[in-house]
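To start, the structure under review is shown below, and the notes come after it.
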Amino acid sequence: NNDDERDFLLSNPKHQITFLAPVGTKNWTPSMTEQLTQLLPPMVNVVLVPSADHITPTINIWHDENENVRWMPVDGSFDDIGADGLWQNRPSAQDILSAI
């Protein structure tokens, strides 16, 4: 079964697994880091690249009356203060090299 195979691969990785992500610290909290770490399998190394000048993009997501998935950015998440600025050179080549 596919779930068993996935579980086996996640518990026996051939290489280190790293989750590398930029975060804007204007709305990111230590609690969010803890929640992210708990969400990912324990063998995944979480490396966050913080930026004090940005927010971490956030969306509201829901199903409409026809069961279509809908979403809307929150508080400028895709403006310069959010994704447009945060994801410019984050993670940088140096961030990636440091993580590996």
Report yes if some heavy atom in the side chain of [X] is under 4.5 Å from a heavy atom in the side chain of [Y]; otherwise report no.
X     : Y     : result
Gln16 : Met43 : no
Leu36 : Val46 : yes
Ile55 : Ser77 : yes
Leu20 : Ile96 : yes
Asn68 : His63 : no
Lys26 : Ile81 : yes
Pro22 : Pro91 : yes
Thr58 : Asn27 : yes

Okay, side chain of [X], backbone of [Y]: is any donor-acceptor separation there less than 3.5 Å?
X     : Y     : result
Asp80 : Asp84 : no
Ser92 : Asp95 : yes
Asp64 : Asn66 : yes
Thr56 : Gly24 : yes

Open item on the list: So for atom CG, which belongs to Asp79, do other residues, nucleotides or ligands contribute more than 12 heavy atoms lying within a distance under 6.0 Å?
Closed with: yes
Indicate, with yes or no, if [Y] and [X] share a hydrophobic cluster defined by side-chain heavy-atom contacts under 4.5 Å among Ile, Leu, Val, Met, Phe, Trp and Tyr.
X     : Y     : result
Phe78 : Ile61 : yes
Trp71 : Val69 : yes
Leu40 : Trp28 : yes
Val23 : Ile59 : no

For the pair Thr33 and Leu48, evaluate side chain to side chain contact (heavy atoms under 4.5 Å, CB included) and give the outcome as yes or no after the intermediate values. CA-CA 8 Å; Thr33 300; Leu48 302 179; 3.5 Å; yes
- Just how far is it from atom CG of Asn45 to atom OG1 of Thr37, taken to the nearest 0.5 Å?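 If I round to the nearest 0.5 Å, the distance is 9.0 Å.
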Item to complete: Look up atom CD in Gln88 and atom NE2 in His54, then write down how far apart they are to the nearest 0.5 Å.
Response: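 Answer rounded to 0.5 Å: 7.0 Å.
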